[in-house]
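Counting starts at 1 for both ligands and their atoms, in listed order. Reckoned from all heavy atoms, side chains included, excluding hydrogens, waters and symmetry mates.
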Amino acid sequence: MKYDYVILGAGSAGCTMASRLSEDPTKSVLLLEAGPDYPDFESYPDDLKFGYDQTASAIDAPHNWSFQGNTTPLATEPMPVPRGRVVGGSSAINGQVLLRGVPEDYDAWAALGNDQWGFTSVLPYLRKLESDMDFGADDFHNSEGFIPVRRFAKETWLPAQQAFYNAARTAGFPDDPDMNHPESGGVGPIPMNNPNGVRMSTSLTFLGAARHRLNLTVKANVIVHRVLFDGNRAIGAQVESGGETFTVEGEDIILCSGAIASPQILMLSGVGPRETLDKFGIPIVQDTPGVGQNLRDHPNIRVPIEVKEDFPLNPQDPRTQVMASSFSSPISGDPLEAEGIRFTCILELAYGKGHLTITSTDPNVQPELNYNYFADDPRDLARMREAVRLCVGFVDHPDYANIVKEIIEPTQGDLESDDALDNWLMRTVSTSQHISGTCKMGPDNDPMAVVDQQCRIKGLENLRVIDASVMPDCIRANTNCTTIMIAERMADIIKGA
Ligand SMILES: Cc1cc2nc3c(=O)[nH]c(=O)nc-3n(C[C@H](O)[C@H](O)[C@H](O)COP(=O)(O)OP(=O)(O)OC[C@H]3O[C@@H](n4cnc5c(N)ncnc54)[C@H](O)[C@@H]3O)c2cc1C
């Protein structure tokens with residue numbers, strides 16, 4: 001059977017696209033996903049449903065691809081890279097922060113040659129996707145979108161979160177009641193898409209509203225191997241289901257497999273850097289050197305703190321309310337055993353870039369992920385040093401007196417000099433889970449641009465990439481909101497085409 005739209009990958013972008021494109025009853029939509037599907041709330045597993053602990057993204061958790069990546073030459077272990085493998089994708093296992101980029105982020109995309117993606121162009125879609133439970137409908141917010149957004153009310157902040165807020169205010173940060181406002185800045189409650197602690201993935205929201213449609217077919221446990229072409233025209237995909245190989249056909253093929261798998265599938269399909277395709281004997285459809293390059297993320301440093309014996313900790317409490325996090329360790333021990341609190345320092349606009357590449361023609365073998373943190377520009381390390389020293393200073397605030405026993409890391413030795421601290425940062429840096437940019441959007445005079453402003457792969461027909469990989473640069477925010485925004489906007493563009 002031939003569909004109007006074949007969507008490959010049912011994550012943040014894929015579920016949004018499937019929901020919006022199937023609003024037109026004259027169009028048939030096929031949504032394919034490698035992981036399982038839980039179509040109703042009752043059957044939805046607890047690890048996906050309840051987002052306060054991070055069981056869903058622990059290594060080898062059932063809905064996690066559990067990839068690994070390289071960080072810096074000083075790291076002794078590969079870095080765990082979680083990604084959602086389930087209908088809902090990474091939105092089904094993520095931290096539920098629903099934060100927009102700042103206006104300058106989208107304006108920077110426009111300045112790079114993507115003039116249709118500046119802030120005023122994307123704002124209607126940042127509004128469209130949300131239902132803001134605190135601010136309702138105004139110039140910047142909406143009350144009728146699929147994703148519910150709320151902030152923890154001040155009176156519900158846990159003591160460590162309140163202490164962080166007070167320490168930051170004392171250090172000069174202004175109060176910031178709405179971080180999704182274009183003039184936001186300072187310290188305040190983070191917008192979250194988890195009312196009552198339920199992680200509202202794109203499966204529960206966008207797709208949930210569309211599942212009854214007869215023109216929408218959702219198929220889970222289907223692994224996409226490659227896109228099929230007739231010349232330079234995409235005509236379908238080769239996929240595997242239940243151990244059998246199938247060909248699906250579509251008028252429009254839309255790759256929504258995320259910033260790791262979308263460039264991987266492109267390379268396996270013959271679209272990528274010529275030398276990579278030659279190396280693995282993949283017949284070349286098009287030499288597209290930017291596929292897998294421009295790997296953007298936010299370097300992430302954790303400052304764990306041991307708390308006083310009598311300080312109450314409950315791993316099932318919300319871990320993110322303001323900017324401090326309380327944590328337990330589902331990865332290295334009993335998920336119910338609380339260990340302490342931690343500061344998380346996130347470098348929002350890193351100068352350094354990484355890259356990814358295939359190491360095999362087997363779609364089940366993950367690409368090599370080189371995050372390349374702190375490599376390209378000394379300002380990345382300098383800003384991270386500043387953030388860590390700021391957090392270490394925060395614990396001297398009187399509000400932490402009854403909470404903090406000692407900072408576990410960095411040690412006094414690590415803090416003694418910039419060189420020592422750099423060494424610790426290089427050893428411990430990790431991902432903020434915001435990989436993006438690996439099939440970047442850009443103008444024709446940018447040889448590394450992969451897609452145009454309509455997310456079409458340049459030089460090919462009937463093939464788009466719509467997910468976190470098309471961001472020209474990572475926004476200064478967590479990436480779920482912006483990924484959904486891109487899909488919301490692209491659905492309108494495609495429907496109007
Ligand atoms: C642990 C974690 C915490 C995060 N926390 C936050 C947060 O708090 N706030 C925030 O804004 N962002 C957060 N993010 C990031 C955010 O969730 C992602 O940027 C966003 O979900 C990416 O959407 P996507 O559509 O590009 O990819 P995904 O949502 O990852 O979707 C890709 C889909 O394609 C499927 N797929 C991949 N390969 C194949 C194949 N070969 N065949 C078939 N299907 C395939 C995958 O299984 C997946 O369902 C977090 C991410 C993780 C992993």
Side-chain angles (χ1 to χ4, degrees), residues 7-17 31-37 51 54-59 61 63-67 80-101 147 149 190-194 199 201-203 206-207 219-227 237-241 254-266 268-269 296-298 300 319-320 325 331 344 346 362-367 431-439 465-471 474-475 477-487:
I7 300 171
L8 307 174
S12 298
C15 290
T16 304
M17 293 302 298
L31 177 63
L32 299 180
E33 166 58 38
D37 189 18
Q54 282 292 298
T55 318
S57 58
I59 297 171
H63 306 106
N64 182 1
W65 286 89
S66 297
F67 295 137
V81 179
R83 292 281 103 191
R85 183 180 180 141
V86 61
V87 171
S90 298
S91 82
I93 68 163
N94 77 6
Q96 311 119 68
V97 172
L98 210 279
L99 189 65
R100 302 172 179 179
I147 305 280
V149 185
I190 300 179
M192 312 278 298
N193 57 309
N194 61 359
R199 183 191 277 113
S201 66
T202 52
S203 172
F206 280 90
L207 200 61
K219 287 281 183 192
N221 304 307
V222 177
I223 298 175
V224 177
H225 285 200
R226 62 193 178 101
V227 176
Q238 188 186 75
V239 305
E240 184 191 325
S241 172
I254 304 174
L255 202 42
C256 297
S257 297
I260 295 175
S262 283
Q264 176 192 22
I265 292 169
L266 282 177
L268 297 180
S269 310
R296 305 289 285 137
D297 186 24
H298 300 134
N300 181 302
R319 61 178 44 215
T320 311
S325 304
I331 291 169
T344 302
I346 297 178
D362 181 348
N364 298 299
V365 175
Q366 72 150 88
T431 175
S432 297
Q433 331 287 11
H434 300 154
I435 184 168
S436 47
T438 48
C439 299
V465 181
I466 301 176
D467 58 28
S469 45
V470 302
M471 293 185 205
C474 195
I475 34 69
N478 312 53
T479 37
N480 194 32
C481 178
T482 294
T483 304
I484 297 171
M485 176 278 288
I486 291 169

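- By the 3.5 Å distance cut-off applied to N or O atoms, Thr479 is counted among the residues near ligand 1.
- Asp297 has its side chain out of reach of Cys474: every pair of non-hydrogen atoms, C-beta onward, lies at least 4.5 Å apart.
- Below 3.5 Å of separation, one finds an N or O of Asn94 facing an N or O of ligand 1.
- Residue Gly258 has at least one heavy-atom neighbour below 4.0 Å for each of these atoms of ligand 1: 26 (O), 27 (O), 32 (C).
- Of all protein heavy atoms, the one lying nearest to atom 11 (O) of ligand 1 is Asn480 N, 2.7 Å.
- Nearest protein neighbour of atom 42 (N) of ligand 1, counting heavy atoms only, is Val224 N, 2.9 Å.
- Taking all atoms of both residues into account, the shortest heavy-atom contact from Ile223 to Ala34 is CG1-CB, 4.1 Å.
- For Ala56, the side-chain contact (heavy atoms from CB on, under 4.5 Å) partners at least two apart in sequence or on another chain are Asp47, Leu48, Ile93, Arg199.
- Of all the atoms in ligand 1, the ones that sit under 4.0 Å from a non-hydrogen atom of Ser91 are 21 (O).
- Closest approach of Cys15 to Leu207, counting heavy atoms only: SG-CD2, 4.0 Å.
- For Pro363, the heavy-atom gap to ligand 1 stays at 4.0 angstrom or more.
- At distances below 3.5 Å, not a single donor-acceptor pair connects side-chain atoms of Glu33 with backbone N or O atoms of Gly89.
- The nearest protein atom to atom 31 (O) of ligand 1, hydrogens excluded, is given as Gly11 CA, 3.2 Å; this is a heavy-atom distance.
- Put simply, the side chain of Thr482 does not reach to within 4.5 Å of the side chain of Arg100, judged on heavy atoms.
- The nearest heavy-atom contact from the protein to atom 10 (C) of ligand 1 is Asn478 CB, 3.1 Å.
- The shortest non-hydrogen separation linking Ala477 to Leu99 is CB-O, 3.6 Å.
- Interface atoms of ligand 1 facing Val86, defined by a heavy-atom separation under 4.0 Å, are 49 (O).
- Taking atom 47 (O) of ligand 1 as the reference point, the nearest protein heavy-atom neighbour is Glu33 OE2, 2.6 Å.
- Here's the thing with Ser90: one of its N/O atoms is less than 3.5 angstrom from an N/O atom of ligand 1.
- Scanning all heavy atoms of the two residues, the minimum distance from Pro82 to Ser57 falls at CB-O, 3.7 Å.
- At least one N or O atom of Ala468, backbone or side chain, sits closer than 3.5 Å to an N or O atom of ligand 1.
- In terms of N/O distances under 3.5 Å, ligand 1 is not approached by Arg85.
- Looking at heavy atoms from C-beta onward, Asp467 lies out of side-chain contact with Leu255 at the 4.5 angstrom threshold.
- The distance from ligand 1 to the heavy atoms of Ala13 drops below 4.0 Å at these ligand atoms: 25 (O).
- Atom CD1 in Ile475 sits 5.5 Å away from atom NE2 in His298 (nearest 0.5 Å).
- Residue Thr483 holds the heavy atom nearest to atom 24 (P) of ligand 1 of all those in Leu31, Ile435, Thr483, Ile260.
- Residues Ala61 and Thr55 come closest through the heavy atom pair CB-O, 3.4 Å.
- In terms of polar-atom proximity, Ile223 is not counted as a contact of ligand 1, lacking any N or O under 3.5 Å from an N or O of the ligand.
- Pairing each heavy atom of Gln366 with each of Phe67, the nearest pair is OE1-CA, 3.2 Å.
- Neither the backbone nor the side chain of His225 has any atom closer than 4.0 Å to an atom of ligand 1 (non-hydrogen atoms only).
- For the ligand labelled ligand 1, residue Gly84 lies inside the 4.0 Å heavy-atom shell.
- By the 3.5 Å distance cut-off applied to N or O atoms, Leu98 is not counted among the residues near ligand 1.
- In terms of protein heavy-atom proximity, atom 36 (N) of ligand 1 is closest to Trp65 CZ2, 3.9 Å.
- Within the structure, ligand 1 has Val222 among the residues with a heavy atom less than 4.0 angstrom away.
- Between Asn480 and Ser12, the side chains place a donor N or O and an acceptor N or O closer than 3.5 Å (distance only, hydrogens not considered).
- At the shortest separation from atom 1 (C) of ligand 1 among protein heavy atoms lies Ser57 CB, 3.4 Å.
- In this structure, OG on Ser257 lies 11.0 Å from CD1 on Ile7, to the nearest 0.5 angstrom.
- One distance of note links OG of Ser203 with CG of Asp37; it measures 6.0 Å at 0.5 Å rounding.
- Distances shorter than 4.0 angstrom do not occur between any heavy atom of Asn64 and any atom of ligand 1.
- Atoms of ligand 1 found under 4.0 Å from any heavy atom of Ala261 (numbered from 1 in listed order, with element): 37 (C), 38 (N).
- The NZ atom of Lys219 lies 12.0 Å from the CG atom of Leu31; values are rounded to the nearest 0.5 Å.
- Contact check for Asn94 versus Asn478: no side-chain heavy atoms found under the 4.5 Å cut-off.
- Every atom of ligand 1 with a heavy atom of Ala34 under 4.0 Å away is listed here by number and element: 42 (N), 43 (C), 44 (N), 45 (C).
- If you number the atoms of ligand 1 from 1 as listed, the ones under 4.0 Å from a heavy atom of Gln96 come out as 7 (C), 8 (O).
- For the pair Ala259 and ligand 1, the shortest N or O to N or O distance does not fall below 3.5 Å.
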*What's the verdict on side chain to side chain donor-acceptor pair (under 3.5 Å) for Ser436 and Thr479, showing C-alpha distance, side-chain angles and the deciding distance?*
CA-CA 8 Å; Ser436 47; Thr479 37; over 6 Å; no
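- Counting only non-hydrogen atoms, the option in Gly89, Ser257, Ser203, Gly9 that gets closest to atom 32 (C) of ligand 1 is Ser257.
- In terms of protein heavy-atom proximity, atom 52 (C) of ligand 1 is closest to Gln433 CB, 3.5 Å.
- The distance criterion of under 3.5 Å between nitrogen or oxygen atoms is not met by Pro82 with respect to ligand 1.
- The shortest N or O to N or O distance between Val97 and ligand 1 is under 3.5 Å.
- Near Ile265, with a cut-off below 4.0 Å to any heavy atom, the atoms of ligand 1 are 41 (N).
- Here Ile435 contributes atom CD1 and Ser90 contributes atom OG; the two are 10.0 Å apart, rounded to the nearest 0.5 Å.
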